[in-house]
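Worksheet for the structure shown next.
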Amino acid sequence: MGPRLPISNMVRELRENGSITQSELGDAVGLTRQTIAAIEKKRYSPSLETAFKIAHFFEVGLEEVFYWDA
């Protein structure tokens, strides 16, 4: 288990609220299911471009998905 990163996110909550699987989200933004799982567990921070893709997928602002958890 890797260290948690200071960037937190609401990906799991948004995904579950929309009844979307990790695979479906991954396919939509060009990531694997495993990478989506790592993002949700705060073990991986996506690139800025990918973060915007995820926010766009959920039709919310970037800061509604990702935030600094110092």
Side-chain angles (χ1 to χ4, degrees):
M1 187 155 142
R4 292 194 175 245
L5 302 170
I7 300 211
S8 291
N9 67 76
M10 298 292 292
V11 174
R12 173 173 277 146
E13 292 81 358
L14 289 165
R15 185 178 59 72
E16 289 178 349
N17 286 343
S19 299
I20 296 165
T21 67
Q22 289 176 334
S23 294
E24 289 169 335
L25 176 57
D27 289 346
V29 298
L31 299 174
T32 64
R33 182 202 61 76
Q34 293 88 346
T35 302
I36 296 297
I39 291 169
E40 289 182 352
K41 293 176 183 174
K42 300 169 187 76
R43 293 184 184 144
Y44 174 77
S45 289
S47 69
L48 186 58
E49 179 182 354
T50 300
F52 272 105
K53 285 180 182 179
I54 292 170
H56 186 265
F57 176 84
F58 290 116
E59 298 179 346
V60 297
L62 187 64
E63 289 185 345
E64 291 179 61
V65 183
F66 296 95
Y67 56 94
W68 184 257
D69 192 22

Indicate every side-chain donor-acceptor pair of residues 60-67 with a distance under 3.5 Å to a residue at least two apart or in another chain.
from: E64; atom 1: OE2; to: G61; atom 2: N; distance (Å): 3.3

Which pairs, with at least one residue in residues 45-54 and sequence neighbours excluded, count as a side-chain hydrogen bond (donor to acceptor under 3.5 Å, both in side chains)?
S47-T50

Listed by chain and number, what are the side chain to side chain contact (heavy atoms under 4.5 Å, CB included) partners of A28, not counting sequence neighbours?
F57

Those residues at least two apart in sequence (or on a different chain) that pass side chain to side chain contact (heavy atoms under 4.5 Å, CB included) with E24 are I20, T21

I need the single residue from L31, I36, I39, I7 that forms a side chain to side chain contact (heavy atoms under 4.5 Å, CB included) with Y44. Which is it?
I39

With sequence neighbours excluded, what pairs up with S8 under the side chain to side chain donor-acceptor pair (under 3.5 Å) test?
D69

Within this structure, what is the CZ-CD1 distance for the pair F58 and I54, rounded to the nearest 0.5 Å?
7.5 Å

For L25 and L14, what are the C-alpha separation, side-chain angles and deciding distance, and is it a side chain to side chain contact (heavy atoms under 4.5 Å, CB included)?
CA-CA 11 Å; L25 176 57; L14 289 165; over 6 Å; no

Close side-chain approach of R12 and Q22, heavy atoms under 4.5 Å:
yes

Pairwise distance CG(N9) to CD(E40) - rounded to 0.5 angstrom:
7.0 Å

